[in-house]
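Accompanying notes for the structure given below.
Atom set for the values below is all heavy atoms of this structure, side chains included, hydrogens, waters and symmetry mates excluded.
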Protein chains: 2
Amino acid sequence: MREPTFWILTALASQPRYGYSVMQQVAQLSGGAVTLQAGTLYAALDRLTAEGLVELDRDEIVDGRTRRYYRLTSDGAEALGVETERLRRSLEAATSQLAARQRFGLGPAAALRAAW
Amino acid sequence: MREPTFWILTALASQPRYGYSVMQQVAQLSGGAVTLQAGTLYAALDRLTAEGLVELDRDEIVDGRTRRYYRLTSDGAEALGVETERLRRSLEAATSQLAARQRFGLGPAAALRAAW
DNA sequence: CGGCACGTTCAGATCATCTTTATATTGGCC
DNA sequence: GGCCAATATAAAGATGATCTGAACGTGCCG
């Protein structure tokens, strides 16, 4: 799962949203670090719908503009849960390896390097 | 940063390694969940070298086979650190949204939706 | 001597994402 | 009145990391 897909599922987890609302929610959740491109978003929503991770909730018309709401399916929630576990393991691995790097680089550890 | 790239940098963080050793380290760190494809690995090492995140450490010949060691550069370590922070925020967001979903009444139990 | 682990390399295909463009409405500003 | 920003979705073409699949050579072991 790539970044945009992950964030879209995350934004839809708590409640149904329409495309533009997903964009805003992702921007907020990521602290402004992630800005979904419109092309990416709507293509992803179509793809995720086809995959069954997301489904159409309803259409609303506000100020003459259509808002197409999507919701996460139970498959989508499960996929996000699996992805979250994967993130947890990745984070753990990187953290431990970076810590090992500190020990490797600091102090009189030159002998250690030779031993390896 | 994609998955394979992340794991390659992580495997190289603690010490220099050659390609095959990176594969094994990634498999171990990920608990067997990630298995790098040879094509992906060596292409990535070339690319990361060109980008300056990784650099050639040394060549060793063992049992007639060449082992090409790579090491993480300081740029590479920094990139991995940034990526790790990004993972932390992503994990946090997904966790909180999934928790909100529970409260919203759309827990993993699909039976709930049937009641609607 | 046949198979398996080791170790690297390359060509071609896939596909999510990015970029760009198009369309349409509302509302603020000069 | 005209311009621009924000809202809202859609679709076409380009990009590029990854995947697929294969090749090639060595050494170890039963």
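Of the listed nucleotides (D:dT7, C:dC18, C:dT8), D:dT7 has the atom at the smallest distance from the side chain of A:Q24. Closest to the side chain of A:R67, out of D:dT9, D:dT18, C:dT8, is D:dT9. Comparing C:dT8, C:dT17, D:dT18 by their closest approach to the side chain of A:T5 singles out C:dT17.
In this structure, A:I8 places its CD1 atom 12 Å from P of C:dA16, rounding to the nearest Å. Rounded to whole angstrom, the span from the CH2 atom of B:W7 across to the P atom of D:dT18 amounts to 14 Å. Look at CZ on A:R47: it is 16 Å from C1' on D:dA11, rounded to the nearest Å. Atom-to-atom, OH of A:Y69 to P of D:dT7 comes out at 14 Å; the value is rounded to the nearest Å. Separating the CG atom of B:D59 from the C1' atom of C:dT8 is a distance of 11 Å, rounded to the nearest angstrom. Protein atom OH of B:Y20 is 15 Å distant from nucleotide atom C1' of C:dT9, rounded to whole Å. In this structure, B:D63 places its CG atom 10 Å from P of D:dC29, rounding to the nearest Å. Atom CG of A:L41 and atom P of C:dT17 are 11 Å apart (whole Å).
The two residues A:A13 and A:L72 come nearest to each other via the heavy atoms CA-CD2, 3.8 Å.
In this structure, B:G39 reaches the bases: a heavy-atom distance under 4.0 Å links it to at least one base atom across the strands shown. At the heavy-atom level, A:A43 lies nowhere under 4.0 Å from the strands shown.
Distances shorter than 4.0 Å separate some side-chain N or O of B:Y18 from OP1 or OP2 on C:dG7. OP1 or OP2 of C:dT8 lies within a sub-4.0 Å distance of a side-chain N or O belonging to B:Y42. Contact annotation: A:T66 does not reach the phosphate of D:dT9 (side-chain N/O to OP1 or OP2, under 4.0 Å). Between B:R65 and C:dC6, a side-chain N or O to OP1/OP2 separation shorter than 4.0 Å is absent. A close approach under 4.0 Å does not occur between any side-chain nitrogen or oxygen of A:R2 and OP1 or OP2 of C:dA16.
Defined by atom type and a distance below 3.5 Å, a donor-acceptor pair is missing between the side-chain atoms of A:R88 and B:T95.
Between A:G64 and A:A44, it is A:A44 whose nearest contact on DNA chain C lies nearer the 5' terminus. Mapped onto DNA chain D by nearest heavy atom, A:D46 and B:E3 fall at different nucleotides, with A:D46 at the one closer to the 5' end.
When side chains are defined from C-beta on, A:Y69 does not count as touching A:R71, because their heavy atoms never get closer than 4.5 Å.
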Practice task
Go through the steps to decide whether A:E60 and A:R68 satisfy the test salt bridge (charged side-chain N to carboxylate O under 4.0 Å, His left out), and finish with yes or no.
Solution key: CA-CA 6 Å; A:E60 273 185 9; A:R68 177 153 290 174; over 6 Å; no
Handout entry: Pair A:R89-A:E92, salt bridge (charged side-chain N to carboxylate O under 4.0 Å, His left out): steps then yes or no
Key = CA-CA 5 Å; A:R89 287 193 301 268; A:E92 206 177 303; over 6 Å; no
